[in-house]
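Here is how names work: the chains are called A, B, and so on, in the same order as the sequence lines, proteins then strands, and each is numbered from 1. What you see is a predicted model; the values in this text were computed from it and never measured. Excluded from the calculations below are hydrogen atoms, water molecules and symmetry mates; all remaining heavy atoms, backbone and side chain alike, are included.
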Protein chains: 2
Amino acid sequence: MSGRDDLIAQIMETQREMQHHFANDPANPLFTLHLTLPQLKTLLLLSAHGSIAGQELSAAMGVSLATMTGMVDRLVAQGLVTRHEDPHDRRVRRIELSGPGRDLIDRFVTAGAEKMRRILDRLSDDDLRTVAHCHALLVNAVVNDPEPPTSGCVGFGVPSA
Amino acid sequence: MSGRDDLIAQIMETQREMQHHFANDPANPLFTLHLTLPQLKTLLLLSAHGSIAGQELSAAMGVSLATMTGMVDRLVAQGLVTRHEDPHDRRVRRIELSGPGRDLIDRFVTAGAEKMRRILDRLSDDDLRTVAHCHALLVNAVVNDPEPPTSGCVGFGVPSA
DNA sequence: ACTAACAGTTCGTATGTAGCGAAGTATTCT
DNA sequence: AGAATACTTCGCTACATACGAACTGTTAGT
């Protein structure tokens, strides 16, 4: 095993440790979320796609159009999504996150930010620069990852720098 | 605004960008999970506590004991948790994650690890050392955070590094 | 203009889960 | 022995997901 492999293994292990630490935190929003998993999946899909047609959304969710209608009805009722007629084809309904829906997903996805900020506040100037440098190089690599995102497993074991 | 504040704001923003990137990934396990949110909450609680008594678990979940019995029944039926009589008090049932339950939670919490590994594989030796150093200092800060974990919001916007 | 295809909604049906309180059973404590 | 405790079962309610069939409105093709 090379030094590189050791370093990578070490990084992966510390990453894993941190992820578990956060997942187990009672402040994890999963502990207070008042949605069902299919609803959360829907909101995440909308977050990824922006505006999407009903047909596409039901296909992406893997359910029938009739089921999707009911689900969107309930999300609309909660004010988390909006539904509009497509300007180019009046048969089509375009669905997207509402402001509150976007806020909820953002808070959910970026959970832990306050704790992270607190930790950054306590770093020395040098360490802070190291972290900033590290983040900069990793965000570039993550966002520009040439592999199709089907090969990895993602979730709120969301790795970051 | 000081240079430190700028650095911190920059880190938080790149962090947020990465977290959204991963959350939107179709490989996010939230898109394929066949559990309900209360079930997932239960599993995460068990992950945090190890072995826990039925009464404690129902209190932590904020539901009645009768409800918790049903929920644990269904998780036992899925092979994700085990239930045993407490050796010190035969009235008490101790519940804990089974092997498969532990695997599922680990995979869930550390989702994205494969993509992360791929990215690390492509870093230069110098950059890899930077990331390792950064991880080392942050994991220490995260795990030893003196603040009670009630003040922050956590989830799979799980910051790392 | 007419017809077929398409997108979405409504309706009826089925299933599963969460949630409760009351009653029952087994165990522990006084 | 009796009271308190921990859990389970039962009966009930509510909600959400999921489906296919039928329906309505719109678009595209002839």
Side-chain angles (χ1 to χ4, degrees), chain A residues 29-46 49-98 101 104 108, chain B residues 29-46 49-96 101 104 108:
Chain A
L30 271 174
F31 290 126
T32 51
L33 198 58
H34 297 298
L35 295 174
T36 66
L37 255 174
Q39 286 176 338
L40 182 56
K41 289 175 194 172
T42 302
L43 296 181
L44 284 171
L45 270 176
L46 292 175
H49 287 81
S51 167
I52 185 170
Q55 185 106 273
E56 279 181 71
L57 184 57
S58 69
M61 288 292 290
V63 299
S64 73
L65 205 37
T67 298
M68 202 68 238
T69 296
M71 286 169 65
V72 172
D73 284 346
R74 288 183 289 277
L75 288 171
V76 166
Q78 290 187 55
L80 297 177
V81 309
T82 60
R83 179 164 30 192
H84 302 288
E85 197 176 82
D86 186 308
H88 305 298
D89 185 340
R90 295 182 55 197
R91 295 170 299 182
V92 176
R93 298 291 175 271
R94 303 209 71 82
I95 296 130
E96 60 191 295
L97 287 178
S98 67
L104 184 150
F108 191 78
Chain B
L30 272 174
F31 290 126
T32 51
L33 200 57
H34 297 299
L35 295 174
T36 66
L37 253 177
Q39 287 175 341
L40 182 56
K41 288 175 195 174
T42 302
L43 296 181
L44 284 170
L45 271 177
L46 292 175
H49 285 81
S51 168
I52 185 170
Q55 185 105 275
E56 277 182 71
L57 184 57
S58 68
M61 289 292 289
V63 300
S64 75
L65 205 37
T67 299
M68 202 68 241
T69 296
M71 284 170 66
V72 173
D73 284 347
R74 287 185 289 274
L75 288 171
V76 166
Q78 290 184 57
L80 297 177
V81 309
T82 60
R83 180 165 30 191
H84 301 289
E85 195 176 83
D86 186 307
H88 304 295
D89 183 339
R90 295 181 54 195
R91 295 172 302 182
V92 176
R93 297 292 174 270
R94 304 208 70 83
I95 294 131
E96 59 190 294
L104 184 150
F108 190 77

To the nearest Å, how far apart are A:L37 CG and C:dG16 P?
18 Å

Nearest to the side chain of A:R93 - C:dT17, C:dG8, D:dC7?
C:dG8

Where each residue is assigned the nucleotide of DNA chain D containing its nearest heavy atom, which of A:P38 and B:E56 is assigned the position nearer the 5′ end?
B:E56

Would you please confirm or rule out a distance under 4.0 Å between OP1 or OP2 of C:dG16 and any side-chain N or O of B:T36?
no

In this structure, OG1 of B:T82 is separated from CG of B:L75 (nearest 0.5 Å) by 11.0 Å

Here the distance between atom C1' of D:dA18 and atom NE2 of B:H34, to the nearest Å, is 14 Å

Measure the shortest side-chain to side-chain distance between A:L104 and A:L35 over non-hydrogen atoms and say whether it is less than 4.5 angstrom.
yes

Nearest-0.5 Å distance that lies between atom CE in B:M61 and atom OG1 in B:T67
10.0 Å

I need the CE-C1' distance between B:M61 and C:dC20, as an integer number of Å.
15 Å

Below 4.0 angstrom, which residues in residues 68-76 of chain A have at least one non-hydrogen atom near DNA chain C?
A:T69

Heavy atoms under 4.0 Å is the rule here; annotate nucleotides 19-30 of chain D 5' to 3' with B where the base is hit, S where only the sugar-phosphate is, and - elsewhere.
BB----BBS---

Send over the distance from B:Q39 CD to C:dG19 P, rounded to a whole Å.
10 Å

Spacing between B:Q55 atom CD and C:dA26 atom P, to the nearest angstrom
19 Å

Return the value, rounded to whole Å, for the distance between atom CD1 of A:I52 and atom P of C:dA7.
14 Å

May I ask you to say what A:R94 touches in the nucleic acid, namely base, sugar-phosphate or nothing, with a heavy-atom cut-off under 4.0 Å?
nothing

Roughly how bent is the helix from C:dA1-D:dT30 to C:dT30-D:dA1 end to end, in steps of 10 degrees, with each end axis from five pairs?
10°

Atom pair CE (A:M71) and NZ (A:K41), whose distance is rounded to the nearest 0.5 Å
8.5 Å

